[in-house]
Student: 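Dumping the structure here so I can ask a few things about it.
Chain identifiers are assigned alphabetically (A, B, ...) following the order of the sequence lines, protein sequences preceding nucleic acid strands; residue numbering begins at 1 within each chain.
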Number of protein chains: 2
Amino acid sequence: MPPTLEEVAKLAGVSRSTVSRVVNQHPNVRPEVRERVWEVIRQTGYQPHAAARSLATRRTRVIGLIIPQAVTTLFTDPYFPILMRGVADACNAHNYHLMLSLFSQRRVHNSRTQQDLLYQQVLRGRYLDGVVVSSAPLDDPIFPRLLEDGVPFVIVGRYPHERANYVDVDNVVGARMAVEHLLRLGHERIATITGPLNMFAAQDRLEGYRQALAARGIPVDEHLIAEGDFTEQGGRTAMQRLLPYQPTAVFAASDMMAVGAIKVLREAGLQVPEDVAVVGFDDIPLASMVDPPLTTVRQPIEQLGSMAVELLIGMLESPQAGGVHRVVLPTELVIRASCGVRVRAL
Amino acid sequence: MPPTLEEVAKLAGVSRSTVSRVVNQHPNVRPEVRERVWEVIRQTGYQPHAAARSLATRRTRVIGLIIPQAVTTLFTDPYFPILMRGVADACNAHNYHLMLSLFSQRRVHNSRTQQDLLYQQVLRGRYLDGVVVSSAPLDDPIFPRLLEDGVPFVIVGRYPHERANYVDVDNVVGARMAVEHLLRLGHERIATITGPLNMFAAQDRLEGYRQALAARGIPVDEHLIAEGDFTEQGGRTAMQRLLPYQPTAVFAASDMMAVGAIKVLREAGLQVPEDVAVVGFDDIPLASMVDPPLTTVRQPIEQLGSMAVELLIGMLESPQAGGVHRVVLPTELVIRASCGVRVRAL
DNA sequence: CAATAATTTGGGAGCGCTCCCATAAAAGTG
DNA sequence: CACTTTTATGGGAGCGCTCCCAAATTATTG
């Protein structure tokens, strides 16, 4: 049995309260007493009991990272591990702990129920002080619930509600840069493979595509727009649908989809970038490893994760400082070979 | 303020204890009372307070997944997301929650301290009922501590201690199959790129390599063994070192390293598989996507994760059923193009 | 139908901590 | 140096639950 506060107190010859003060860095303890108590703590290996503490303080120092079921299939996309690393880093830095909720679509009868159940247990059971929600579809029921229950949360991505805090990248501008680059290279029949259009990131990137064309006075040919789902397979299928309309360039809303698209193009006997230029989005590590290396829009994924946590912890530690927290990080066009420009020549 | 047990009790006209019985499915409650209580619970949205419960029961229904700092840099390796999915799935299925501890090497002054701190807080603070430790180096200080503190844990990978529970794949046999396959194809100068040799998985795969050669009476040329670190970059560096010794085949102890090796071979003007055959290990999704598709040893990564959790939960729920829990899952050779055999022809 | 056994219910104690308030000790003041 | 102010310490109450035991109710049986 590990020691309790009370036991430490007895050993140090002081009261429970004094030990508590020492542990919680309360200033009003005489230095020699403080030292004596620390000594006992060190010797006994005392550690406050998390549950007891939470019960009394109503805080857990645990935050949740929720990745809704709709995107769990994408989990092999390196986007998520990188995001998680950012999240975990920031948690470590602030001495918070991370609870991970992934909802898989497998082995679940009534999938809605699984997510519901977990929501109910974890959030209403006050396991968590707050949550980071990553890339949920915009109609995910989690948002209304979080708002209603008053759970502090930060979204990675954006969400149109006056009380929603989020961290996002400028998807519209990123996409526009990508398409503008293709336009600059002389392409006119530029297709796009979008993400699932029930996500803002996907909508915004499509919007960037539209804006770039509009700025050049090029009418949008709806045949050149195919909806994907951010996965490689989705990219393949979408590319297949685009093939008959003979685009000379493709802007894929994720690197994974770009990779899929390139495969389909090759299978159709087309060269990348000679016959068709391809640009991706994300700049995952794979982007520089595939052949040809992918021109893509870099988003600071890891930073997105840590920023979300910083924001959340800020809200938790000074709740009075109300207001809505929103951060939009910039993107950057990374030019490699797949768009058909020699980097040096640019 | 969410309702408490006591409040629900008052509304239902029963005592605290009775509501507790209803919530915990205790049989001794009259059906009509049970129904009445459920009704109130439903209406009020009552949810037991996790911390209060833990304090009383000394269980949290939370298990930890610990990925020690030594491997966090490998986190972009798809191995981890896949493992995590397995772990998360099994947790969901058993109504446990998952706490994730990643230790990054970045931003840490005294890195040992960070891991220590977290160990101290999380484990001794009894946030967790038990932990799954993934791919830690065999001298990681976490193992002695877990054993000493009596924290229930399951390792993914193996560990030589009579009280260590683990789930592993048969790395020796897997590696042997891979190398035997190369031998069967007529190769004699077979090099290997090992993982970091402070991990058992790496040692075991090297052992499999040695066994395969020994079985054929081929002496091991130590120049043909290069230590990598499971990353692509590590694979490149190792391959560079091997190049002067002109192997005709390479067995890389991970797919990521195989990918790195292939790049180096190409840069050296060698064709894969024509000039040098390459075999990997893991069968991550990338393996079938690269060019040429990788012949590799498949290990059931996701199953490894869920199995570890199942074992752990088993231990937690019936602690009296002592004994050591060990599972070794089989591997499977997946033949693709990189070893230079036409699949059909086999 | 009294006596016994089984089932159902309520309340006290306690899990280990924090926080408030009262008291004790030390320091500051005219 | 009596008096107020500040600083340090101890103890009670309570966070929301479970678990045990005793009391009340119901069912069983000779």
Side-chain angles (χ1 to χ4, degrees), chain A residues 1-38 40-41 44-62 120-129 317, chain B residues 1-38 40-41 44-62 120-129 317:
Chain A
M1 274 296 96
T4 69
L5 244 204
E6 205 89 37
E7 286 159 18
V8 171
K10 191 173 304 169
L11 287 172
V14 294
S15 80
R16 190 164 32 90
S17 302
T18 300
V19 179
S20 176
R21 283 187 198 97
V22 171
V23 170
N24 296 297
Q25 331 247 31
H26 188 102
N28 288 3
V29 181
R30 283 207 334 275
E32 62 267 33
V33 174
R34 181 188 304 280
E35 201 29 71
R36 183 150 38 98
V37 171
W38 269 123
V40 175
I41 290 177
T44 55
Y46 168 74
Q47 177 67 26
H49 191 292
R53 224 177 205 184
S54 304
L55 185 56
T57 59
R58 338 197 98 244
R59 325 251 283 81
T60 60
R61 292 195 83 82
V62 177
Q120 179 73 13
Q121 288 189 349
V122 173
L123 285 168
R124 315 203 58 166
R126 265 131 300 152
Y127 270 97
L128 306 177
D129 289 345
E317 313 234 303
Chain B
M1 276 293 98
T4 70
L5 245 204
E6 205 89 38
E7 285 159 18
V8 171
K10 190 173 302 173
L11 287 172
V14 295
S15 80
R16 188 165 35 90
S17 303
T18 299
V19 179
S20 176
R21 283 186 198 100
V22 171
V23 170
N24 296 298
Q25 332 247 30
H26 188 102
N28 288 1
V29 181
R30 285 204 337 272
E32 62 267 32
V33 174
R34 180 187 305 279
E35 202 29 69
R36 182 151 39 98
V37 172
W38 269 122
V40 174
I41 290 177
T44 54
Y46 169 75
Q47 177 68 27
H49 190 292
R53 223 177 207 184
S54 304
L55 184 57
T57 58
R58 339 197 97 245
R59 324 254 281 80
T60 61
R61 291 195 83 81
V62 177
Q120 180 73 12
Q121 288 190 350
V122 173
L123 284 167
R124 316 204 58 165
R126 265 130 303 151
Y127 270 96
L128 305 177
D129 289 344
E317 313 234 302

Student: Any non-hydrogen side-chain atom of B:Arg59 less than 4.5 Å from a side-chain atom of B:Glu317?
Tutor: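 SC-SC contact between B:Arg59 and B:Glu317 confirmed.
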
Student: Which listed nucleotide (D:dC17, C:dT8, D:dT9) is nearest to the side chain of B:Arg53?
Tutor: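 Nearest nucleotide to the side chain: D:dC17.
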
Student: Do B:Asn24 and B:Arg53 make a side-chain contact, defined as non-hydrogen atoms from C-beta onward lying under 4.5 Å apart?
Tutor: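 Yes; the side chains approach each other to less than 4.5 Å.
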
Student: Need one value for B:Thr18: base, sugar-phosphate or nothing, where a base atom within 4.0 Å counts as base even if backbone is also close, heavy atoms only.
Tutor: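 B:Thr18: backbone/sugar contact only, no base atoms under 4.0 Å.
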
Student: Look at the side chain of A:Arg21 and decide which nucleotide, out of D:dC17, D:dG10, D:dC21, has an atom nearest to it.
Tutor: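 The closest nucleotide is D:dG10.
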
Student: What's the closest nucleotide to the side chain of A:Leu5 if the choices are C:dT18, D:dC17, C:dG10?
Tutor: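 So the nucleotide nearest the side chain must be C:dT18.
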
Student: Would you say A:Ser20 reaches C:dT18's phosphate, i.e. side-chain N/O to OP1/OP2 under 4.0 Å?
Tutor: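 True: A:Ser20 side-chain N/O within range (under 4.0 Å) of C:dT18 OP1/OP2.
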
Student: Contact between A:Thr60 and A:Tyr127 at the side-chain level, heavy atoms closer than 4.5 Å - yes or no?
Tutor: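 Result no, sub-4.5 Å side-chain heavy-atom pair not found.
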
Student: Send over the distance from A:Ile41 CD1 to C:dC17 P, rounded to a whole Å.
Tutor: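 A:Ile41 atom CD1 is separated from C:dC17 atom P by 10 Å.
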
Student: Of all the choices, C:dC20, C:dG10, D:dG16, which nucleotide is nearest to the side chain of A:Leu55 once you look at every atom?
Tutor: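 Taking heavy atoms from C-beta onward, the closest nucleotide is D:dG16.
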
Student: Report the distance from atom CD of B:Glu32 to atom P of C:dT9, rounded to the nearest whole Å.
Tutor: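 Rounded to the whole Å, the gap is 8 Å.
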
Student: May I have the distance from A:Arg59 (atom CZ) to C:dC17 (atom P), rounded to whole angstrom?
Tutor: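 Atom-to-atom, A:Arg59 to C:dC17, this comes out as 18 Å.
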
Student: Counting only side-chain heavy atoms from C-beta out, which of C:dC17, D:dC17, C:dT9 sits nearest to B:His49?
Tutor: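 So the side chain of B:His49 is nearest to D:dC17.
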
Student: Contact class for A:Arg58 (heavy atom, under 4.0 Å): base, sugar-phosphate, or nothing?
Tutor: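 Touches sugar-phosphate only.
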
Student: CZ/A:Arg16 to CZ/A:Arg21 distance, rounded to the nearest 0.5 angstrom?
Tutor: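 So the gap between those two atoms works out to 10.5 Å.
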
Student: Which part of the nucleic acid, if any, lies within contact of A:Thr4, taking any heavy atom under 4.0 Å across all strands shown: a base, the sugar-phosphate backbone alone, or nothing?
Tutor: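 If one applies the 4.0 Å heavy-atom cut-off, A:Thr4 turns out to touch the sugar-phosphate alone, with no base involved.
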
Student: Using whole Å, what does the distance between atom P of nucleotide D:dC17 and atom CD of A:Gln121 come to?
Tutor: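 Computing the A:Gln121:CD to D:dC17:P distance gives 14 Å.
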
Student: Measure from CG on A:Asn24 to P on C:dC17 and round the result to the nearest Å.
Tutor: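 Computing the A:Asn24:CG to C:dC17:P distance gives 10 Å.
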
Student: In whole angstroms, how far is the P atom of C:dA6 from the CG atom of B:Asn28?
Tutor: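 It works out to 13 Å between those atoms.
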
Student: Choose from C:dT9, C:dG12, C:dC17 the nucleotide whose nearest atom is closest to any side-chain atom of A:Arg16.
Tutor: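 Looking only at heavy atoms from C-beta outward on A:Arg16, the closest nucleotide is C:dC17.
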
Student: Figure out the NE2/P separation between A:His26 and D:dG10, and round it to whole Å.
Tutor: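 Taking NE2 of A:His26 and P of D:dG10, I get 14 Å after rounding.
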
Student: Measure the spacing between CD of B:Gln47 and CD of A:Gln120 and express it to the nearest 0.5 Å.
Tutor: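 Taking CD in B:Gln47 and CD in A:Gln120, the distance rounds to 4.5 Å.
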
Student: Which is more 5' along DNA chain C, the nucleotide nearest A:Ala52 or the one nearest B:Ser17? Just name the residue.
Tutor: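 Its nearest nucleotide being more 5', the pick is B:Ser17.
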
Student: Is there a donor and acceptor pair closer than 3.5 Å between the side chain of A:Ser15 and the base of D:dG11?
Tutor: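 Counting by modelled atom types and ignoring angles, no donor-acceptor contact under 3.5 Å is found here.
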
Student: Please report, rounded to the nearest Å, how far the P atom of D:dC17 is from the NZ atom of B:Lys10.
Tutor: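 Nearest whole value for this atom pair: 14 Å.
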
